[in-house]
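Before any comments, here is the structure.
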Amino acid sequence: MDDFPNVLCGWSWEENKLFELALAVVDEQDRNRWEVVAAMVGGNKSAEDVQKHYVTLLEDLQIIESGKLDHKLGETQPCVEVDSQSICWSDEDNTLLVRLDIN
């Protein structure tokens with residue numbers, strides 16, 4: 001998994017896995033939660049880094065659960081990277097751009 005792209009805010013696959021495991025075992029009520037999670041992730045991730053990563057995860061889950069994610073897993077979507085985030089669009093979005101003569 002060394003070739004896993006660092007597209008998730010500069011987090012490696014291993015760091016994401018450690019992050020997920022840490023979230024599963026560290027009590028949400030622990031007042032030092034983010035410090036403990038950061039220590040479990042290791043590397044140079046601070047408590048602020050892991051807390052921001054958690055907020056991003058929650059935002060992603062909200063988008064997925066809302067049904068706004070309009071493509072199926074495994075399908076290739078046209079994407080661009082803007083401010084270190086991938087933005088993808090569908091054929092419907094392309095049609096709209098053509099109608100608006102933005103493309």
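Keep in mind that what you see is a predicted model, and the values were worked out from it rather than measured.
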### Query
If every non-hydrogen atom of Lys45 is compared with every non-hydrogen atom of Val41, which pair is closest and at what distance?
CG-CG1, 3.8 Å

### Query
Taking only residues two or more places apart in sequence, or in another chain, which ones meet Ala22 in a side-chain contact (heavy atoms from CB on, under 4.5 Å)?
Val37, Met40

### Message
Quick check on the hydrophobic clustering: are Leu58 and Val26 connected, directly or via other members, by side-chain heavy-atom contacts under 4.5 Å?
### Response
yes

### Message
Using 0.5 Å steps for rounding, measure from the CG atom of Asn16 to the CG atom of Leu21.
### Response
11.0 Å

### Query
Which salt bridge (charged side-chain N to carboxylate O under 4.0 Å, His left out) pairs, counting each pair once, include a residue from residues 34-44, with sequence neighbours left out?
none

### Query
Just by modelled atom types, is the Leu57 backbone N or O under 3.5 Å from a matching donor or acceptor in the Asp60 side chain?
no

### Query
Looking at residues at least two apart in the chain, or sitting in another chain, which of them share a side-chain contact (heavy atoms from CB on, under 4.5 Å) with Asp27?
Gln29, Asp30

### Query
Which pair of non-hydrogen atoms, one from Ala38 and one from Ala47, has the smallest distance, and what is that distance?
CB-N, 3.8 Å

### Query
For Glu48, what residues pass the side chain to side chain donor-acceptor pair (under 3.5 Å) criterion, not counting sequence neighbours?
Lys52

### Query
Applying the 4.5 Å side-chain criterion to the ILVMFWY set and letting contacts propagate, would Val50 and Leu61 be lumped into a single cluster?
yes

## Note on the structure
So the ring-ring contact (aromatic ring centres under 6.0 Å, His included) pairs with at least one residue in residues 19-40 (sequence neighbours excluded) are Trp11-Phe19, Phe19-His53, Trp34-Tyr54

### Message
If I take atom CZ from residue Arg33 and atom CG from residue Leu23, how far apart are they, to the nearest 0.5 angstrom?
### Response
5.5 Å

### Query
Does Glu20 have any side chain to side chain donor-acceptor pair (under 3.5 Å) partners at least two apart in sequence or in another chain, and if so, which?
Lys17

